[in-house]
Trainee: 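Let me give you the structure first, and then I'll get to my questions.
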Amino acid sequence: GVLLLATSTHADPLYEVKATFSASPGNSASGLVKLPDGQLYGIAPVGGEGGGGCVFKVDGATVTAVASFAEIGIAQSGYATIQRLQVHGSSIYGLISDNLSKSYLWSWSEADGLSLLTELDSMVIGYNPIQQVVVSADEATIYGACGSGTASSGGTIWKWTEVGGLEKMLEFDGVETTFSVSIAGIVGSTADTVYGITKRETLFDPDTFQPTGFGPARLWKWNEVDGLAVLGTVDITGLEPNGNLAVSPSGAVFGISLEE
């Protein structure tokens with residue numbers, strides 16, 4: 001793979017190859033993030049000690065593994081999915097899955113190295129973790145989401161603290177919420193608020209219980225003080241939100257939908 005730098009000051013963006021990914025650390029399985037040292041970092045599902053995946057740094061045209069997931073007991077992360085890493089200060093936070101489909105929450109910094117924070121317990125927080133986490137302002141709490149819950153097919157919001165461990169905060173099960181829909185993606189803001197979007201809701205005939213089509217996706221926000229608030233719906237015929245969201249300083253939420 002290659003790392004491209006795009007220049008958008010022209011009508012047609014210009015692309016420059018900045019670095020290439022060789023057999024180690026291998027192709028990136030995450031979006032790249034920049035730390036205060038000015039360097040770009042990411043994770044790869046191969047490479048590092050034992051070849052089971054690593055955190056890497058891009059320094060000029062050189063890509064170097066700075067930590068191996070084998071260090072924290074994850075011997076093979078070759079099934080890692082594309083994810084978005086979260087940066088807070090000089091630390092990187094993320095999720096990684098092994099070849100047994102177990103998911104782990106981890107952090108890395110140059111000062112502290114790679115740390116395993118917890119294994120995600122699907123019996124506690126739900127199934128199919130969304131590959132994005134939200135770190136609180138004081139770094140004491142990490143929030144995340146699962147595509148489906150422990151009691152329904154609706155998604156969940158969960159949190160982790162070093163003292164309290166994992167806790168399911170809310171399930172979109174049609175009881176705690178007025179709808180039961182899987183979560184497509186989440187993103188954080190500076191106010192310890194989690195923004196998210198559900199997948200499009202499947203509609204059923206009330207008599208035959210056969211699917212008849214799709215309803216809109218729901219854009220929402222949640223925090224521990226105010227709870228859940230539905231901000232609106234996204235109803236573009238034939239398009240499914242892919243879960244990639246961004247929040248501007250003014251609170252505007254941006255997303256992407258893909259053709260079904």
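Bear in mind the structure is a predicted one, so any value in this text is a computation, not a measurement. Residue numbers run from 1 in the order of the sequence given.
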Trainee: Compare all side-chain heavy atoms of V87 with those of L35 and state whether any distance is below 4.5 angstrom.
Mentor: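 When only atoms from C-beta onward are counted, L35 and V87 do touch, with a gap below 4.5 Å.
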Trainee: To the nearest 0.5 Å, what is the distance between CH2 on W222 and OG1 on T177?
Mentor: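 Between atom CH2 of W222 and atom OG1 of T177 there are 13.5 Å.
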Trainee: Any side-chain heavy atom of F172 within less than 4.5 Å of one from T156?
Mentor: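 SC-SC contact between F172 and T156 ruled out.
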Trainee: Can you confirm whether I96 sits close enough to F69 that some side-chain heavy atom of one is under 4.5 Å from a side-chain heavy atom of the other?
Mentor: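 Yes, close enough: below the 4.5 Å cut-off.
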Trainee: Under the 3.5 angstrom rule, does the side chain of E71 hit a backbone N or O of L114 as a donor-acceptor pair?
Mentor: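 No, because the side chain of E71 does not come within donor-acceptor range (under 3.5 Å) of the backbone of L114.
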Trainee: Over all heavy atoms of both residues, which pair between S90 and P36 is shortest? Give the atoms and the distance, please.
Mentor: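 For S90 and P36, the tightest heavy-atom pair comes out as OG-CG, 3.8 Å.
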Trainee: Report the distance from atom CD1 of I157 to atom NZ of K168, rounding to the nearest 0.5 Å.
Mentor: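 Going from the CD1 atom of I157 to the NZ atom of K168 covers 11.5 Å.
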Trainee: Say whether L116 and Y41 are linked into one hydrophobic cluster, either directly or through other cluster members, by side-chain heavy-atom distances under 4.5 angstrom.
Mentor: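 Yes, it is one cluster - the side chains of L116 and Y41 are joined through contacts under 4.5 Å.
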Trainee: Quick one: list whatever passes side-chain contact (heavy atoms from CB on, under 4.5 Å) with V187, sequence neighbours left out.
Mentor: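 Only R84, Y195, L245, V247 meet the side-chain contact (heavy atoms from CB on, under 4.5 Å) criterion with V187.
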Trainee: If I compare all heavy atoms of E119 with all of L166, which pair ends up nearest, and what's the gap?
Mentor: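 Smallest heavy-atom distance, with atoms named: O-CD1, 3.5 Å.
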Trainee: Is any side-chain heavy atom of Q132 closer than 4.5 Å to one of Q86?
Mentor: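 Yes, close enough: below the 4.5 Å cut-off.
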Trainee: Can you check whether W108 and Y93 have ring centres sitting under 6.0 Å from each other?
Mentor: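 Not close enough - the centres of the two rings lie 6.0 Å or further apart.
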Trainee: May I ask you to decide if G154's main-chain N or O and S152's side chain share a donor-acceptor pair within less than 3.5 Å?
Mentor: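 Yes; at least one donor-acceptor contact below 3.5 Å.
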Trainee: Kindly say whether E176 contributes a backbone atom to a donor-acceptor pair with the side chain of D173 at under 3.5 angstrom?
Mentor: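 Yes, D173 side chain to E176 backbone: donor-acceptor pair under 3.5 Å.
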Trainee: Which atoms form the tightest heavy-atom contact between T161 and G164, and what is the distance?
Mentor: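 Minimum heavy-atom contact is OG1-N, 2.9 Å.
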Trainee: So do N223 and D192 actually touch side chain to side chain, heavy atoms under 4.5 Å?
Mentor: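 Side chain of D192 against side chain of N223, heavy atoms only: no contact under 4.5 Å found.
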Trainee: Is there a donor-acceptor pair closer than 3.5 Å between any side-chain N or O of S148 and the backbone N or O of S153?
Mentor: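 No.
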Trainee: Once you round to the nearest 0.5 Å, how far does CG of D37 lie from NZ of K57?
Mentor: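 D37 atom CG to K57 atom NZ measures 6.5 Å (nearest 0.5 Å).
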Trainee: Which atoms form the tightest heavy-atom contact between C54 and A65, and what is the distance?
Mentor: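 Where C54 meets A65 most closely, the heavy atoms are SG-CB, 3.9 Å.
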Trainee: Please check this pair: side chain of T198 against backbone of R218, looking for a donor-acceptor N/O pair closer than 3.5 Å.
Mentor: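 Yes: the side chain of T198 pairs with the backbone of R218.
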Trainee: If you measure from CG on L170 to CD on E224, what distance do you get to the nearest 0.5 Å?
Mentor: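 Rounded to the nearest 0.5 Å, the CG-CD separation comes to 11.5 Å.
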Trainee: Could you tell me if the side chain of L105 sits less than 4.5 Å from the side chain of I142, heavy atoms only?
Mentor: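 Result yes, sub-4.5 Å side-chain heavy-atom pair found.
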Trainee: What is the minimum heavy-atom distance between I43 and L95, and which atoms define it?
Mentor: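 Where I43 meets L95 most closely, the heavy atoms are CD1-O, 4.4 Å.
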Trainee: When you look at CD of E110, are more than 12 heavy atoms from neighbouring residues, nucleotides or ligands closer to it than 6.0 Å?
Mentor: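 12 or below, so no.
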Trainee: Can you get from L231 to I197 by hopping between Ile, Leu, Val, Met, Phe, Trp and Tyr side chains that sit under 4.5 Å apart?
Mentor: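 Yes, one cluster joins them.
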Trainee: Work out which heavy atom in E171 is nearest to a heavy atom in G149; give both atom names and the distance.
Mentor: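 Looking at all heavy atoms of both residues, the closest pair is OE2-CA, 3.4 Å.
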Trainee: Grouping I, L, V, M, F, W and Y whenever their side-chain heavy atoms are under 4.5 Å apart, do I130 and L228 come out in a common cluster?
Mentor: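 Shared cluster, yes.
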Trainee: About how many Å separate CD of E139 and NE2 of H88, when rounded to the nearest 0.5 Å?
Mentor: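 Between atom NE2 of H88 and atom CD of E139 there are 5.0 Å.
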Trainee: Any side-chain heavy atom of W220 within less than 4.5 Å of one from I183?
Mentor: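 Yes, close enough: below the 4.5 Å cut-off.
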Trainee: Mind checking the CG-OH spacing from L120 to Y104? Nearest 0.5 Å is all I need.
Mentor: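 Rounded to the nearest 0.5 Å, the CG-OH separation comes to 9.5 Å.
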Trainee: Is any side-chain heavy atom of N128 less than 4.5 Å from a side-chain heavy atom of C146?
Mentor: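 Contact flag for N128/C146 side chains = no.
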Trainee: Would you check if the side chain of S68 reaches a backbone N or O of E49 as a donor-acceptor pair within less than 3.5 Å?
Mentor: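 Between the backbone of E49 and the side chain of S68 there is a qualifying donor-acceptor contact (under 3.5 Å).
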Trainee: Taking F56 as the fixed residue, which of T64, L32, V66 is the one that meets the side chain to side chain contact (heavy atoms under 4.5 Å, CB included) rule?
Mentor: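 When T64, L32, V66 are each tested with F56, the side chain to side chain contact (heavy atoms under 4.5 Å, CB included) holds only for L32.
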Trainee: Please report the C-alpha distance between W160 and Y143 in whole Å, then the side-chain angles of each, then the deciding distance to 0.1 Å, and finally whether the ring pair (Phe, Tyr, Trp, His ring centres under 6.0 Å) criterion is met.
Mentor: CA-CA 6 Å; W160 175 87; Y143 300 99; over 10 Å; no
